[in-house]
Amino acid sequence: MVADLSGQVAIVTGGSDGIGLATAALLARRGASVIICGRRQEKLDAAKAQIEAEGGTVEAIALDVSDEAALSAMVA
């Protein structure tokens with residue numbers, strides 16, 4: 001059974017490569033609007049392009065998740 005995540009928002013930290021990117025891509029394929037974050041904008045941009053090429057909805061935000069203020073601002 002495949003879950004339909006339409007109307008849901010998912011935030012994936014470390015979403016620019018590896019397991020994070022695979023997770024973000026899967027969530028997007030299932031209909032979620034995905035926000036990926038990581039420290040390097042170039043890698044995030046490449047990941048965003050990959051997910052969008054598969055038809056997903058994604059935003060890419062560069063930040064350090066150990067920075068509590070930056071993380072709070074991203075969630076808001």
Side-chain angles (χ1 to χ4, degrees):
M1 172 155 73
V2 176
D4 178 12
L5 299 176
S6 299
Q8 301 297 309
V9 175
I11 298 172
V12 181
T13 60
S16 62
D17 63 9
I19 294 170
L21 175 55
T23 300
L26 175 62
L27 292 167
R29 281 194 302 275
R30 297 221 173 138
S33 296
V34 179
I35 299 169
I36 56 174
C37 54
R39 291 179 287 175
R40 296 193 304 188
Q41 189 65 51
E42 314 82 47
K43 289 181 74 173
L44 289 165
D45 291 342
K48 179 179 179 184
Q50 179 181 329
I51 293 169
E52 288 178 335
E54 297 173 2
T57 302
V58 61
E59 291 297 324
I61 301 173
L63 62 86
D64 180 350
V65 296
S66 68
D67 180 345
E68 193 172 323
L71 191 56
S72 293
M74 184 269 302
V75 171

Could you measure the distance from the CD1 atom of Ile36 to the CG atom of Leu21? Nearest 0.5 Å is fine. 7.0 Å
Does Met74 share a hydrophobic cluster with Val58, counting links as ILVMFWY side-chain heavy atoms below 4.5 Å and allowing steps through other members? no
Give the minimum heavy-atom separation between Arg39 and Ala62, together with the two atoms involved. O-CB, 4.3 Å
Close side-chain approach of Val34 to Thr57, heavy-atom, < 4.5 Å: no
Flag the pair Asp4 and Arg30 as a salt bridge only when some basic side-chain nitrogen lies within less than 4.0 angstrom of an acidic carboxylate oxygen. no
Gap between atom CD of Glu42 and atom OG of Ser16 - 0.5 Å precision: 10.0 Å
Between CD1 of Ile11 and OG of Ser33, what distance do you get to the nearest 0.5 Å? 11.5 Å
Distance from Glu54 atom CD to Leu26 atom CG, nearest 0.5 Å? 10.0 Å
Do other residues, nucleotides or ligands put more than 12 heavy atoms under 6.0 Å from the CD atom of Glu59? no
Using every non-hydrogen atom in the two residues, find where Ala10 and Leu27 come nearest and quote the distance to one decimal. CB-CD1, 3.6 Å
Under the side-chain contact (heavy atoms from CB on, under 4.5 Å) rule, what do Leu63 and Val65 come out as? Steps first, then yes or no, please. CA-CA 6 Å; Leu63 62 86; Val65 296; 3.6 Å; yes
Ile61 and Ile35, any side-chain heavy atoms less than 4.5 Å apart: yes
Straight-line distance of Cys37 SG to Leu71 CG, nearest 0.5 Å: 7.0 Å
Mind checking the CG-CG spacing from Leu44 to Asp17? Nearest 0.5 Å is all I need. 9.0 Å
